[in-house]
Amino acid sequence: MKIETRAVHAGRHIDPATGAVTSPIHLSTTFERSPEGDYPRGFSYSREDNPNRHALEECLASLEGGNHAICFSSGLAVATALVQGLQPGDHIVAPDDVYWGLRKVIGELFGKSGIETSYVDMTNIDDFHAALRPNTRLVWVETPSNPLMKVTDLTSIAALARLSGPNILTVCDGTFATPVLQQPLDCGIDMVAHSTTKYISGHSDVIGGALIARQENYLFERARKSQRYGGSVPSPFDCWLTLRGIDTLPLRVRAQSENAMQVARFLDQHRAVEKVHYPGLATHPGHKVAARQMSAFGGMLSFQVRGSREAALGVAARCKLFIRATSLGGAHSLVEHRASIEGPATRTPQNLLRLSIGLEHTDDLIADLDQALSTIPA
Ligand SMILES: Cc1ncc(COP(=O)(O)O)c(C=O)c1O
């Protein structure tokens, strides 16, 4: 079935007790055993499994074209679980502009664990190839990337990683693209990671994460143990909210992609804008790859204001409709000065603003940006 249909039906069942069309929220932490001592309905204790989490995992596996999914209490809990599955001496290759939270997980949580990491420009396949080592175990890809919107060729990365050794597993953080626009497992990637906090839940009201695979592998199995025994589980209500959001995921993401395209075109011709980072623009270095591996270019973009950090902060300050807030993927459009949230070690240009394009009318979004940019001197 098509993704719109799976988004509404996968993992959902009419409640046998009441006939309820929308699933109930199962808050119970514990489930009854039979007189023989087993669990005939499949659930024993909510940290191990819960009907709402089970439904969400079934749905996400279906959306990604996978067979297995594990839901976590946040997107970074997915990264933590995967890195935790590695051994001292193992090596990770990750993008040089990876979402800054992954650098914190690797550096601050696992800095003393003996795991080695190389950060490289994954859009350059030669640089990627050169970074692989005999002890490489995990290749982390993020495309499009946060916040520079760099696009990585998933098919080439997956093929090269596979050729380079049987022990290398690949994972793609597909948070910006969602399963609606990009299917990493079809490109040969082993696992897909999501912050479901963003587009998948879609309403800026729940934190969550997910890991999806077509075939189980040892890191996936260890990540499941980290979820169940380590306890980084989402609550039943969080799972229910996320699944409710998924009903409209394909419609939202396509509308946000169309809006973002129009905003990107507007910014691209604006005299106060130095550079627009949006893979939908033909001038973007990753445009051709994005056109091949994505069905639309997504609702995220960033741009550099002509001028300094202060000029960019001034534009954000003058926005009236765009809300100054971090995060992305919800119905409200957001503007964010990434460098100031990422701190002194940031690699993000100081004059860059990131936009998460929401579901408002583009005329209103463009008018807001136009007035916010109007005081930048020509
Ligand atoms: C691309 C990407 N991956 C992962 C995360 C982390 O997700 P969470 O905040 O749900 O832990 C984020 C958060 O902004 C993100 O943008």
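Since this is a predicted model, take the numbers as computed values, not measurements. Both ligands and their constituent atoms are indexed starting at 1 by order of listing.
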Please verify the inter-ring angle class for Trp240 with Phe237; under 30° counts as parallel, over 60° as perpendicular, anything in between as tilted. parallel
Looking only at N/O atoms, are Thr197 and ligand 1 under 3.5 Å apart anywhere? yes
Looking only at protein heavy atoms, identify the closest one to atom 16 (O) of ligand 1 and say how far it is in Å. Asn146 ND2, 3.0 Å
With a cutoff of 4.0 Å, is His194 in contact with ligand 1, counting heavy atoms of the residue only? no
Taking atom CZ of Arg224 as the centre, does the number of heavy atoms from other residues, nucleotides or ligands within less than 6.0 Å exceed 12? yes
Identify, by atom number and element, the atoms of ligand 1 in contact range of Asp173, meaning under 4.0 Å from any of its heavy atoms. 1 (C), 2 (C), 3 (N), 4 (C)
How long is the gap from CZ on Arg41 to CD on Glu32, to the nearest 0.5 Å? 5.5 Å
Would Asp153 and Lys288 count as a salt bridge (Lys or Arg N to Asp or Glu O under 4.0 Å) if you check the C-alpha gap in whole Å, the side-chain angles of each, and the deciding distance to 0.1 Å? CA-CA 10 Å; Asp153 184 337; Lys288 278 202 183 116; over 6 Å; no
How are the rings of Phe43 and Phe31 set relative to one another: parallel (under 30°), tilted (30 to 60°) or perpendicular (over 60°)? tilted
Residue, atom name and distance, where the atom is the protein heavy atom closest to atom 6 (C) of ligand 1: Tyr99 CE2, 3.5 Å
Taking distance alone, with no angle check, do Leu76 and ligand 1 share an N/O pair under 3.5 Å? yes
Atoms in ligand 1 flagged as close to Gly208, the criterion being non-hydrogen separation under 4.0 Å: 10 (O)
Looking at Tyr199, is Arg252 sitting on its ring face, NZ or CZ under 6.0 Å from the six-membered ring centre and within 45 degrees of the normal? no
Would a line drawn from the ring center of Phe322 to the ring center of His332 be shorter than 6.0 Å? no
Decide whether the shortest distance between a heavy atom of Ser145 and an atom of ligand 1 is less than 4.0 Å. no
Got the closest protein heavy atom to atom 14 (O) of ligand 1, with its distance? Lys198 NZ, 2.9 Å
Answer yes or no: does an N/O atom from Gly75 fall short of 3.5 Å to an N/O atom of ligand 1? yes
for atom 7 (O) of ligand 1, nearest protein heavy atom and its distance come out as Ser195 OG, 3.0 Å
